[in-house]
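Below is one structure, written out as structure tokens; the observations come after it.
In each ligand, atom 1 is the first atom listed, and ligand 1 is the first ligand listed. Values below: all heavy atoms of this structure, side chains included; hydrogens, waters and symmetry mates excluded. What you are looking at is a predicted structure, and each value in this text was computed from that prediction instead of being measured.
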Amino acid sequence: MTENKRELHSAAPIGMFDSGVGGISVLREAVRLLPRERFIFFGDTKNAPYGTKSREEVLRLSRAAVEKLTEEYGAKAIVIACNTATSAAAATLRMEMPQLPIIAMEPALKPASLLHHDGIVLSLATPGTIAGEKYAQLYALYGKGVKSIPCPGLMEFVERGELDSPSLLSYLEATLAPYSQQKIEAIVLGCTHYSFLKKALHQLCPGVPLLDGNEGTVRQLRRRLEQEGLLAPENAEGGVELLSSGGENAVKQMRFLLDAE
Ligand code: DGL
């Protein structure tokens, strides 16, 4: 009986959400590493951006996203594919739903600290993430040589599908200009949207490692599913369903980013 129940449960989908298309960068990694799983991804485009909203508002929106994914779609686990929502909501949601595995993200300051020697590390994230308590804790441990740069307005370029437009490049140039005379040892992409800006950043900072937390998050998801006996059965066929509060065009943009090389 218990085994049956577990079997049923392990065949359920994994729910993932973000304020918009950014979390698709995490989903891509998840599909690659966990091909037998089914994923339901919800982009809350209508309420984007999260990064300039209050903590309370982001918690409310995140709770609604998790309820939707568990109650309407029967998700067996949740991935918060958003650094801002993690910072504002992960601890509270884990307390409110102790039975549900909730996997969350954090800016990759720890891996970046291994690359830091005598130069600097730039950490780009939303204003909400950088102002949060979780970031302060991470910074206290791994912030040596790190310049934290809040980037209001940057996720919007990705939402509009502008991954290498002249205005995006000017935004990034202006952001990086104060550090042009320093040795940049790594750039932390502390917002899931920014993973889609790797090409543009490589162009501006050739050879500088760009670190996001996507692979680490998915490895953590796999470990957690293993521990809970919730990995999809051997013969399961994986898949992806995309949902958005922003309508058909937003779903198209997510599909485009999911399939892009
Ligand atoms: N993609 C989100 C993150 O990782 C947030 C972007 C936003 O909504 O401001 O922080």
Notebook entry, point to check: Is any side-chain heavy atom of S25 closer than 4.5 Å to a side-chain heavy atom of D212?
Noted result: no
Please set out all donor-acceptor pairs under 3.5 angstrom arising from side-chain atoms of residues 181-189, sequence neighbours excluded.
unit_1, atom_1, unit_2, atom_2, d
K183, NZ, D118, OD1, 2.7
E185, OE1, H116, ND1, 3.1
E185, OE1, H117, N, 2.9
E185, OE1, G119, N, 3.2
E185, OE2, H117, N, 3.2
E185, OE2, D118, N, 3.2
E185, OE2, G119, N, 3.2

Next item on the list: Using a strict 4.0 Å threshold on nitrogen-to-oxygen distance, state whether R160 and E156 make a salt bridge.
Entry: no
Notebook entry, point to check: Between K68 and Y73, is NZ or CZ placed under 6.0 angstrom from the six-membered ring centre and within 45° of the ring axis?
Noted result: no
Check: With R94, which residues qualify under side chain to side chain donor-acceptor pair (under 3.5 Å), at least two apart?
Finding: none
Notebook entry, point to check: Tell me the ring-ring contact (aromatic ring centres under 6.0 Å, His included) pairs involving residues 119-167, sequence neighbours left out?
Noted result: F157-Y171
Check: Name the residues in contact with ligand 1, where contact means a heavy atom under 4.0 Å away: which are they?
Finding: D18, S19, P49, Y50, G51, C82, N83, T84, T126, M155, C191, T192, H193
